[in-house]
There are 2 protein chains.
Amino acid sequence: MTYSIKEVADMMNVEPSTLRYYDSMGLLPGVKRVNGRRVFEDKDFKWLRVLNYMKKINMPIDKIRSYVELAEKGDSTLQERFDMILEQKEIVLGQIDELKKCLKEFEYKEWYYTEAIKAGTEKVVENVTSCSPTLEVDTIPKN
Amino acid sequence: MTYSIKEVADMMNVEPSTLRYYDSMGLLPGVKRVNGRRVFEDKDFKWLRVLNYMKKINMPIDKIRSYVELAEKGDSTLQERFDMILEQKEIVLGQIDELKKCLKEFEYKEWYYTEAIKAGTEKVVENVTSCSPTLEVDTIPKN
DNA sequence: ATACAAGTTAAAGTTAACTTTAAGTCAAGG
DNA sequence: CCTTGACTTAAAGTTAACTTTAACTTGTAT
């Protein structure tokens, strides 16, 4: 089974131009051409899938490319790739942790506004939310 | 207690220029000035904290600003703010869910490379990872 | 045969979120 | 008095990740 760039783009929910861009960045190795046109095969979805979850964790394209390049080199890079995967796994764990903390803040705000709406004014809950600068402010991530 | 822009920047782990930028975007309402210089007070950390977790969930600055603007209008916007918070809470839940799926992929890859390294070659596990295009590829998020 | 839809490239344009630069103000120390 | 360091603004520059454009080719339908 083969697929046109449009078909793959639709499956992946991106624009064809995005796939061309990924290809030009070296993220889609080994995609066949027929008359200059990209023809996607089942094996290409292996990479598309990898691309998919690597992008979801906000891995920069340059880093994804280096992983792809390692994979292209074959068995001699197994350890390096393993190390990269482990590192990214830790990053995902950290991201999940951060988001869970944020979730708590939103749940708190949900309660806060529920109470405020009940009372018709924020004054009723404002005192509860006063924060000490040092204790409650954790770091804003650089990006 | 008051703080200079540099002190706050250090606490928040951002550049002073970033705080000026946030201020210029309307994200830091009510910061005092003395001789034209920003002087942060404890009450300002309430907003910095909100800014902090809103940025962590990748809420765009424009959307944060509209929340800040609603808050500035007072009690008449309580319901609107509640709705925004609820919406964002759902978004965070979705993000956590996505990341958990990604985590599984990385854990799988961890196992994959562990086996491959043991065997000295990927061939041993390659067949396990063949994917059907439709079943295993879920959508790449637009951004 | 011819028009049209879908593909191609290279290069320029876009957007968000900062960051840097240039030119200036101000308070404190020597 | 003068220098230094930390602040100020407005405006220009940066970066990543696309997206659009322009000019062109190709396969399919009428």
Side-chain angles (χ1 to χ4, degrees), chain A residues 2-41 44 47-48 50-68 88 91 95 98 139-143, chain B residues 2-28 30-41 44 47-48 50-68 88 91 95 139-143:
Chain A
T2 67
Y3 308 84
S4 72
I5 196 164
K6 181 73 170 79
E7 288 172 325
V8 176
D10 285 347
M11 283 188 240
M12 309 293 293
N13 209 26
V14 296
E15 296 294 319
S17 68
T18 307
L19 289 181
R20 284 189 205 106
Y21 168 68
Y22 290 160
D23 194 6
S24 75
M25 293 282 101
L27 267 42
L28 300 175
V31 173
K32 270 195 188 160
R33 298 287 186 122
V34 174
N35 285 319
R37 288 161 190 220
R38 289 171 189 83
V39 173
F40 291 80
E41 299 167 295
D44 296 317
W47 277 119
L48 287 165
V50 170
L51 188 49
N52 194 8
Y53 62 77
M54 288 193 167
K55 286 210 57 55
K56 273 186 186 158
I57 66 161
N58 285 313
M59 203 169 154
I61 280 182
D62 268 14
K63 208 163 189 179
I64 302 179
R65 187 197 10 236
S66 34
Y67 176 79
V68 172
Q88 292 305 314
I91 289 174
Q95 287 174 344
E98 280 294 278
T139 54
I140 294 182
K142 273 268 176 176
N143 187 1
Chain B
T2 66
Y3 309 84
S4 73
I5 196 164
K6 181 73 170 77
E7 288 171 327
V8 176
D10 286 347
M11 284 188 238
M12 309 293 292
N13 208 27
V14 296
E15 296 295 318
S17 68
T18 308
L19 289 180
R20 285 190 204 106
Y21 168 68
Y22 290 160
D23 193 7
S24 76
M25 292 283 102
L27 267 42
L28 300 175
V31 174
K32 270 195 188 158
R33 299 287 185 123
V34 174
N35 285 319
R37 285 157 193 225
R38 290 171 187 83
V39 172
F40 291 80
E41 300 167 294
D44 297 318
W47 276 119
L48 287 166
V50 170
L51 188 51
N52 194 7
Y53 62 78
M54 288 193 168
K55 285 209 57 57
K56 273 186 186 158
I57 65 161
N58 285 312
M59 202 167 155
I61 280 182
D62 269 14
K63 208 164 191 179
I64 302 179
R65 184 190 21 231
S66 35
Y67 176 78
V68 171
Q88 291 304 314
I91 289 174
Q95 288 174 342
T139 55
I140 294 181
K142 271 269 177 173
N143 187 2

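Chain naming here is simple, since letters A, B, ... match the order of the sequence lines and numbering starts at 1 in each. Side-chain atoms are counted along with the backbone in the values below, which use heavy atoms only and exclude waters and symmetry mates.
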Q. Closest to the B:Lys6 side chain: D:dA17, C:dG7, D:dC7?
A. D:dC7
Q: Could you tell me whether B:Ser17 contacts a base, only the sugar-phosphate backbone, or nothing, with contacts defined as non-hydrogen atoms closer than 4.0 Å?
A: base
Q) A:Arg37: what forms a side-chain hydrogen bond (donor to acceptor under 3.5 Å, both in side chains) with it, not counting sequence neighbours? A) none
Q: Measure the distance from CD1 on B:Ile5 to P on C:dT19 and round it to the nearest whole Å.
A: 13 Å
Q. D:dT15 P sits how many Å from A:Lys63 NZ, rounded?
A. 19 Å
Q: Starting at atom CG of B:Leu19, determine the distance to atom P of C:dA17, rounded to an integer number of angstrom.
A: 16 Å
Q) Per the end-axis method with five pairs at each terminus, what is the bend angle of the helix from C:dA1-D:dT30 to C:dG30-D:dC1, to 10°? A) 20°
Q. Say you draw a straight line from NZ of A:Lys6 to CG of A:Leu19; how long is it, rounded to the nearest 0.5 Å?
A. 10.5 Å
**Q.** Donor-acceptor under 3.5 Å (A:Glu98 side chain, B:Lys56 main chain)
**A.** no
Q: Please say which of A:Arg38, A:Glu41, A:Met11 ends up in a side-chain contact (heavy atoms from CB on, under 4.5 Å) with A:Tyr3.
A: A:Met11
Q: Please tell me which of A:Pro16 and B:Tyr21 maps to the more 5' nucleotide of DNA chain C, matching each residue to the nucleotide holding its nearest heavy atom.
A: A:Pro16
Q) Contact class for B:Ser4 vs. all strands (heavy atom < 4.0 Å): base, sugar-phosphate, or nothing? A) sugar-phosphate
(Q) Rounded to whole Å, how long is the line connecting atom CG of B:Asn35 with atom P of D:dT8? (A) 11 Å
Q) For the pair made of CG in A:Asn13 and P in D:dC18, what is the distance, rounded to whole Å? A) 13 Å
(Q) Which nucleotide wins on minimum distance to the side chain of A:Arg37, given the candidates D:dC18, C:dA17, D:dT26? (A) D:dT26
Q) B:Leu28 versus B:Leu51: any side-chain heavy-atom pair under 4.5 Å? A) yes
Q | From CD (A:Gln88) to CE (A:Met54), nearest 0.5 Å | A | 7.0 Å
Q. Are the side chain of B:Asp10 and the backbone N or O of B:Glu7 linked by a donor-acceptor pair below 3.5 Å?
A. no
Q. D:dA17 C1' sits how many Å from A:Asn58 CG, rounded?
A. 11 Å
Q: Take atom CG of A:Leu28 and atom P of D:dC18, then tell me their distance rounded to the nearest Å.
A: 12 Å
Q: Quickly work out the B:Phe40 CZ to D:dC7 P distance and round it to whole Å.
A: 10 Å
Q: Mind checking the CD1-CD1 spacing from A:Ile57 to A:Ile64? Nearest 0.5 Å is all I need.
A: 8.0 Å
**Q.** Any A:Tyr22 side-chain nitrogen or oxygen under 4.0 Å from OP1 or OP2 of D:dA17
**A.** no
Atom pairs under 3.5 Å, N or O on each side, protein against nucleotides 9-13 of chain C: can you list them with distances?
unit_1, atom_1, unit_2, atom_2, d
C:dT9, OP1, A:Arg33, NH1, 3.2
C:dT9, OP1, A:Arg33, NH2, 3.1
C:dT9, OP1, A:Arg38, NH2, 3.4
C:dT9, OP2, A:Arg38, NH1, 3.3
C:dT9, OP2, A:Arg38, NH2, 3.0

(Q) With a 4.0 Å cut-off on N to O distance, would you call B:Arg65 and B:Asp62 a salt bridge? (A) yes
